[in-house]
Amino acid sequence: MRLNKIAVATVAVALVMGMTACGGSSSTASSVASSAAASSEAASSEAASEAASEVEAQSAEYTVYNTTGTAVTELYLYDAGSEDKGENLAGEGLADGDSLVITRDVDADKQADVVYVLEFVTEDGATQSFDTLHYEVASISLKSVDAAAGATAIAFEAPQN
């Protein structure tokens, strides 16, 4: 696509040169030159836009802290609306006070639409979830059932030492 625009700009410049050499009117030459400049500017703008979108692509990173007071035996991060939770990110278990980092990569143009569910199960069988996690870099502290009696089962912060 970019090569096509560059080719159009080159042809337009060649036409201007040809018209000037053949004694074409200056207003026509000026008009063609303006068109060539606009085409060249559009090609440059598109190239800059493509480069910017590549730069904007970044990984989502969630640092998850277990502050439940007990071990977390299951931990999932999956797309909202999906029935497939994927792999248990807690592995053999996430002890109280431990943390892990979860990363996700999505195309830059789709990042704004991503919504995840963060779900966890503690060793006493309590299951909790947060179902509106967006694509971002965030620290997340998992709360116990008693501490989660408020608005959510998580807090967007690292634990205070």
Side-chain angles (χ1 to χ4, degrees), residues 1-12 34-161:
M1 182 66 126
R2 191 176 349 166
L3 289 176
N4 287 343
K5 289 185 177 186
I6 292 171
V8 168
T10 303
V11 169
S34 295
S35 177
S39 294
S40 177
E41 185 178 324
S44 296
S45 176
E46 182 177 314
S49 176
E50 287 174 8
S53 68
E54 289 176 15
V55 171
E56 291 173 16
Q58 66 178 13
S59 296
E61 183 177 284
Y62 310 96
T63 304
V64 179
Y65 300 91
N66 179 2
T67 61
T68 63
T70 186
V72 170
T73 57
E74 297 177 45
L75 176 66
Y76 304 98
L77 180 68
Y78 56 95
D79 291 326
S82 175
E83 292 185 22
D84 180 14
K85 294 180 184 180
E87 75 174 282
N88 177 2
L89 301 171
E92 300 283 319
L94 184 64
D96 183 48
D98 283 353
S99 65
L100 62 88
V101 176
I102 304 169
T103 57
R104 292 288 188 263
D105 291 305
V106 174
D107 292 337
D109 61 334
K110 297 177 183 171
Q111 291 176 2
D113 299 327
V114 172
V115 178
Y116 292 123
V117 174
L118 179 69
E119 182 176 315
F120 63 98
V121 179
T122 57
E123 68 183 348
D124 58 5
T127 300
Q128 299 190 80
S129 65
F130 183 79
D131 59 1
T132 58
L133 188 61
H134 293 279
Y135 194 89
E136 60 192 311
V137 174
S139 296
I140 300 172
S141 292
L142 305 178
K143 297 180 182 180
S144 68
V145 172
D146 292 336
T152 67
I154 66 172
F156 288 101
E157 60 187 25
Q160 302 298 315
N161 292 336

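Among residues at least two apart or in separate chains, there is no salt bridge (Lys or Arg N to Asp or Glu O under 4.0 Å) pair with a member in residues 120-137. Among pairs with a residue in residues 89-100, none fulfils side chain to side chain donor-acceptor pair (under 3.5 Å), at least two apart in sequence or across chains.
Smallest separation of non-hydrogen atoms from A126 and V145: CB-CG2, 3.3 Å. Closest non-hydrogen pair, L100 versus L89, comes out as CD2-O, 3.6 Å.
Panel note: side chain S82, backbone D84; a donor-acceptor pair is recorded below 3.5 Å. Counting only distance, with no hydrogens or angles, the side chain of Y135 and the backbone of A108 share no donor-acceptor pair below 3.5 Å.
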Taking only distance into account, with no hydrogens and no angle test, what donor-acceptor pairs under 3.5 Å do side-chain atoms of residues 72-79 form with protein atoms, sequence neighbours excluded?
unit_1, atom_1, unit_2, atom_2, d
T73, OG1, V121, O, 3.2
E74, OE1, Y76, OH, 2.8
Y78, OH, E119, OE1, 2.8

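One distance of note links CD1 of I140 with CD1 of I102; it measures 7.0 Å at 0.5 Å rounding. Distance check, rounded to the nearest 0.5 Å: NZ of K143 to CG of N66 gives 14.0 Å.
The shortest side-chain heavy-atom distance between L118 and Y62 does not fall under the 4.5 Å cut-off. Put simply, the side chain of T68 reaches to within 4.5 Å of the side chain of F120, judged on heavy atoms. V114 has its side chain within reach of Y116: a pair of non-hydrogen atoms, C-beta onward, lies under 4.5 Å apart.
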